[in-house]
2 protein chains.
Amino acid sequence: MKKPTIKDVAKLAGVSFKTVSRVVNKEASVSDEVRTKVLECIEKLNYQPNHTARVMRKAPFSLAFVYDNPNSHYVIEMQNGIISECRERGFELVIHPTDSRSEDVGKELAAMIGSNQIGGVILTPPLSENRELVTFLLNRDAKVVRILSGAEAPDTLAPVIHVDDVGAARKMTDYLLDLGHKKIAFLGYHASHESSLGRLEGFRTALESRGLPVDKNLIIDGEFTFDSGMAMTREALKGKPTAIFACNDEIAAGAVFQSRLSGFNVPEDVSIVGFENSPFSVQTWPHLTTVNQPNFDIAACAAAMVIKMMQEKDVHSVESKGFSLNLVVRDSAIKPA
Amino acid sequence: MKKPTIKDVAKLAGVSFKTVSRVVNKEASVSDEVRTKVLECIEKLNYQPNHTARVMRKAPFSLAFVYDNPNSHYVIEMQNGIISECRERGFELVIHPTDSRSEDVGKELAAMIGSNQIGGVILTPPLSENRELVTFLLNRDAKVVRILSGAEAPDTLAPVIHVDDVGAARKMTDYLLDLGHKKIAFLGYHASHESSLGRLEGFRTALESRGLPVDKNLIIDGEFTFDSGMAMTREALKGKPTAIFACNDEIAAGAVFQSRLSGFNVPEDVSIVGFENSPFSVQTWPHLTTVNQPNFDIAACAAAMVIKMMQEKDVHSVESKGFSLNLVVRDSAIKPA
DNA sequence: AATAGATTTGACAACGTTGACAACGGAAGG
DNA sequence: CCTTCCGTTGTCAACGTTGTCAAATCTATT
């Protein structure tokens, strides 16, 4: 009735339980004869090594995924990426949503690491931008990998996965420029919102490198929501742009709607592009041209890095890595009339 | 440098490690004097009980959340509910996305239970509708709680959380009827899609109980997507309905768009309502009147049930529970002209 | 045939915790 | 003063696994 243990297998196979352990761990020094016999018995009893006991005896076999705004679709994509990696390597994932504004994120995490035998942590923005937090974790010798936006790793504290959304914003702007747009509005600038800053930078660079002016009146402040997108669009439309670059798909969806409300057809009168390739981007008509972020892969990569750091003692064997983003061309942007 | 153990605390406090264990587990028979001293030492050393060792010695302290279509927003809401409950009780959550079409879900799960000391499982549709799977898990004496839609628990195999979307669909239909609508189209009927069936049933019941006819031409087949919503709306509009009941918010968003494209203002010419209260419902204009499913609470409740079953030997102490759903009245439905 | 060396196996402790049970000390009852 | 009992504390085994090291067996070399 009870779950079979390594000793049950050993008794059945007529060997010591240590030998079974060796077979389970694929150690070399077991004769083929014994090995096959043990494997048979494992099969027969349907034996599963006890993860818990293993963890206790060996190094930690778990890592934590720490994220902030838990309702974003990208969280779940990342989570899936991490899980798939964990499964492959026999690791366990502990999920940890937090409120980044709270003061105790550090303490909370430290407690987790302390009590759960967690060996590694994957941090996403805005937690990953918190240098203090990172050093804090490092001091408690957790292995840390951060996912950040930016073209370069910001420091050498610990490996980083940097996602080049500046470059992507530039690509997108270039795309609009190549279509022939000259007056492009930028929606969603927000001083405290890290990613809006990067995207604006990419936007700027693209214009400037062609010697085009950046019209301040076409750079609109606002939040990353549908309603704010509508409001910003009313503002932007006063400047008569032929295209709108929205900081994310939600804003873009609001922009599409408001444009039409204001009598502009999309994409005939205004082209509109988004960012993120979220589900919203096909929830609108026309479907949005946007930028895709391969969240699953990014996260899987992060997981692989953390696991590697946990397994090899030498932390410096793991290097930071960059991801670039691709345009997803759909129907919301065309040549200007 | 190393993490302090119960023994380190004991040495510092000058008591046996068993006494510390007692303090940590809040057992009664410790004198106040000793208790405070031990607590001080725990504080001083920043001692954290080792979860792994605890699990090994005692009953399993983990439960699994098994779900299928992992990109839905409701998964993450539920996950958060479960986590919050787990944290409160010192339990650990293991996430398990699966492909319900694969044959080995059972095996996979059995392996998890076997190797990870998992004591309980929370199942969501369509996995939770799979009776065979449930008995399979029950036989391996896991505690199982299923989340299902329906007004009643379908059986007594194991406790169920049943979410009454039939009733909610009826409420919503009644709401439209009360506003004065007589011709209501139903979008998103799909024979193999369990929840569309329930929603249609609620819709029907509402009409029939007022002696109104159910017009077959206004019940439209289709999938739960924006594009399908547009297509279904083109079909439905031929019948000149004054209101549209969409099976979910994505369909409703498509319906809103297509209606306008076809020259009908929303909500002035057609009222449109959704279901699910997903992020999409405020991603459209006007914001959708819809049905809210308290996923966080449902999941937290499920977690509480599983944990209770794991802790008390008597499985039958835990009873199935029903949740009813509430309308979220926003701006997409008004009185007919 | 004897010895060294390599390969294979086993005995045992250890990981950090809890459960079972024994031991201690003091209070109450005779 | 001795017993009984209760509240408090301690000792030890156990959970299922892996690491260490020694024992046993086999192989190759002289």
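Letters A, B, ... mirror the listed sequences (proteins, then strands); counts begin at 1.
- When rounded to the nearest whole Å, the span between NZ of A:Lys7 and P of D:dT17 equals 9 Å.
- Side chain of A:Thr124 to main chain of A:Val66: a donor-acceptor pair is present (N/O by atom type, distance under 3.5 Å, no hydrogens or angles).
- Checked for salt-bridge contact, B:Arg146 and B:Asp155 meet the test: a charged N lies under 4.0 Å from a carboxylate O.
- Taking atom CD1 of A:Ile6 as the reference point, atom C1' of C:dG10 lies 13 Å away to the nearest angstrom.
- With distances taken from any side-chain atom of B:Arg54 to the nucleotides C:dC15, C:dT18, D:dT17, the minimum falls on C:dT18.
- Not one N or O on the side chain of A:Asp297 forms a donor-acceptor pair closer than 3.5 Å with the backbone of A:Pro294.
- Within residues 19-36 of chain A, the residues that place at least one heavy atom under 4.0 Å from DNA chain D are, in residue-number order, A:Ser21, A:Asn25.
- The distance between atom CZ of B:Arg57 and atom P of D:dA14, rounded to the nearest whole Å, is 10 Å.
- In summary, the side chains of B:Arg54 and B:Asn25 do present a donor paired with an acceptor at a separation below 3.5 Å, with no hydrogens or angles considered.
- By the 4.5 Å heavy-atom criterion applied to side chains, A:Met78 and A:Ile147 are counted as neighbours.
- For the pair A:Asp8 CG and D:dC15 C1', the computed distance is 13 Å after rounding to whole Å.
- For the pair A:Asp32 and A:Arg35, the salt-bridge criterion is met [side-chain N within less than 4.0 Å of a carboxylate O].
- Note: CE (A:Met56) to P (D:dC15) measures 12 Å, nearest angstrom.
- Between the base of D:dG19 and the side chain of A:Lys18 there is a donor-acceptor pair shorter than 3.5 Å.
- Spacing between atom NZ of A:Lys11 and atom P of C:dG10 amounts to 15 Å, rounded to whole angstrom units.
- Contact annotation: B:Ser16 reaches the phosphate of D:dG10 (side-chain N/O to OP1 or OP2, under 4.0 Å).
- For the pair A:Lys3 NZ and D:dG16 C1', the computed distance is 12 Å after rounding to whole Å.
- Nearest nucleotide to the side chain of B:Asn50, out of C:dA13, C:dT17, C:dG10: C:dT17.
- When only modelled atom types and interatomic distance are considered, A:Gln79 and B:Gln79 share a side-chain donor-acceptor pair under 3.5 Å.
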